[in-house]
Amino acid sequence: MKIAFIGLGNMGAPMARNLINAGHSLVLFDLNQSVLGELGQLGAEVAASPRQAAQQAELVITMLPAAAHVRAVFQQEEGVLAGIRAGTPVVDCSTIDPQTARDIHAAAAKQGVDFADAPVSGGTGGAQAGTLTFMVGASPALFATLQPVLAQMGKNIVHCGEVGTGQVAKICNNMLLGISMIAVSEAMALGNALGIDTQVLAGVINSSTGRCWSSETYNPWPGIVATAPASRGYTGGFGAQLMLKDLGLATEAARQAKQPVMMGALAQQLYQAMNLRGDGGLDFSAIVQGYQAAE
Ligand code: NAD
């Protein structure tokens with residue numbers, strides 16, 4: 001299949017590579033010329049604009065930083081919607097707010113183009129290994145078209161409902177993750193201050209009612225889980241800046257829906273403070289440092 005792939009950063013480049021390896025012919029666009037050169041060597045074509053990439057494609061995939069970039073790539077003069085043929089399916093895998101996804105869906109529909117949102121989880125490791133989870137908001141017909149292609153970049157392809165619901169699933173999950181990481185940090189630090197061995201405490205939590213992914217697989221206390229970023233100086237993993245971005249999307253969506261998110265809003269403020277301290281580049285589990293005495 002001829003696939004236009006726009007946005008070839010930390011996530012998009014390995015995803016595109018997996019599609020090339022699966023035998024698709026790719027036409028690429030990114031503002032960063034160096035990544036285009038690398039993928040060009042694998043046989044992909046390079047387009048001069050999103051419009052030109054979309055013109056030739058049987059499917060368009062975008063993987064961009066945030067909503068403003070997605071709006072620009074679709075709706076600018078040289079954008080996807082200026083070039084795309086009616087009937088060409090489109091899927092945006094960026095993490096953005098649900099309303100922007102719905103707005104672009106509406107604009108695309110006017111041209112006979114069906115748009116899906118399909119944000120991912122699994123990080124850069126999952127993108128490289130082709131094991132991402134895709135949370136897809138799409139009509140049933142479009143989901144059926146996209147499923148086999150997404151399965152070449154991921155292992156869980158979940159149909160969440162109509163357009164926008166993929167983003168809803170993503171931001172609700174990540175809001176919960178941000179909150180649970182803070183809660184585990186608070187409990188581990190309290191236990192440490194009160195004199196229990198933190199390894200013993202983690203063992204009790206993980207066989208009791210406090211158990212969760214943040215305590216068991218990704219414990220923020222150093223030395224508890226050997227494979228967690230906490231055990232390698234909070235490097236790698238999921239950057240606190242990305243968590244802050246997702247919490248911003250969740251709290252903004254909550255504001256629009258007039259829905260209270262007290263814990264989510266507090267979590268956003270704590271990650272905001274972490275970012276201000278200059279720690280936004282660390283893994284998000286370094287939020288625990290706000291509970292530890294300075295060395
Ligand atoms: P990135 O910043 O590494 O890559 C974005 C790419 O988009 C860059 O190559 C940039 O040059 C390109 N770009 C920006 N504006 C453009 C434009 N107008 N036209 C064409 N290209 C443009 O970001 P990433 O880490 O690949 O993340 C992409 C999306 O995936 C984000 O929405 C992010 O929240 C989400 N996400 C990231 C991770 C992760 O671990 N990195 C995990 C899950 C979801």
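Below, all heavy atoms of this structure are taken into account, side chains as well, without hydrogens, waters or symmetry copies. Atoms within a ligand are numbered from 1 in the order they appear, just like the ligands themselves. In this chain, residues are counted from 1 in sequence order.
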Geometric N/O contact [X] with ligand 1, under 3.5 angstrom:
X	result
His69	no
Ser94	no
Pro65	yes
Ser121	no

Output the list of atoms in ligand 1 that are nearer than 4.0 Å to some heavy atom of [X], sorted by atom number.
X	answer
Leu64	7 (O), 13 (N), 16 (C), 21 (N), 22 (C), 28 (C), 29 (C), 31 (C), 32 (O)
Thr95	32 (O), 34 (O), 35 (C), 44 (C)
Gly123	40 (O), 42 (C)
Leu8	9 (O)
Phe29	19 (N), 20 (C)
Met63	29 (C), 30 (O)
Gly7	7 (O)

Query raised in the report: How about Phe284 and Tyr218: are their ring centroids closer than 6.0 Å?
Result: yes
Which protein heavy atom lies closest to [atom], and at what distance to 0.1 Å?
atom	answer
atom 4 (O) of ligand 1	Gly9 CA, 3.2 Å
atom 16 (C) of ligand 1	Leu31 CD1, 3.5 Å
atom 25 (O) of ligand 1	Asn10 CB, 3.6 Å
atom 9 (O) of ligand 1	Asp30 OD2, 2.7 Å
atom 33 (C) of ligand 1	Lys245 NZ, 3.8 Å
atom 43 (C) of ligand 1	Val120 O, 3.6 Å

Donor-acceptor check, side chain of [X] to backbone of [Y], threshold 3.5 angstrom: yes or no?
X	Y	result
Gln111	Leu81	yes
Thr131	Gly154	no
Asp117	Gln167	yes
Thr100	Ile96	no
Asp279	Asn275	no
Asp283	Gly239	no
Gln52	Ala48	yes
Asp114	Ala109	no
Arg85	Thr88	no

Requested in this report: Assess whether side-chain hydrogen bond (donor to acceptor under 3.5 Å, both in side chains) is satisfied between Thr198 and Asn192, documenting all intermediate values.
Outcome: CA-CA 6 Å; Thr198 50; Asn192 181 61; 5.3 Å; no
Query raised in the report: Is the shortest distance from a heavy atom of Lys170 to ligand 1 less than 4.0 Å?
Result: yes
Query raised in the report: Quick one: which of Thr133, Asn32, Val73 has a heavy atom closest to atom 19 (N) of ligand 1?
Result: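 Nearest option to atom 19 (N) of ligand 1, by heavy atoms: Val73.
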Requested in this report: Out of Met11, Met243, Arg71, indicate the one that has the non-hydrogen atom closest to atom 26 (O) of ligand 1.
Outcome: Met11
Requested in this report: Take atom CZ of Arg211 as the centre, draw a 6.0 Å sphere, and report whether it contains more than 12 heavy atoms from other residues, nucleotides or ligands.
Outcome: no
**Report entry** Leu242 contact mode with ligand 1 (heavy-atom cut-off under 4.0 Å)
**Finding:** side chain
**Report entry** Shortest non-hydrogen contact between Met188 and Leu201, atoms and distance
**Finding:**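 What the structure gives for the nearest pair is CA-CD2, 3.9 Å.
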Query raised in the report: Quick one: does atom 23 (O) of ligand 1 have a protein heavy atom under 4.0 Å from it?
Result: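 So atom 23 (O) of ligand 1 lacks protein heavy-atom neighbours under 4.0 Å.
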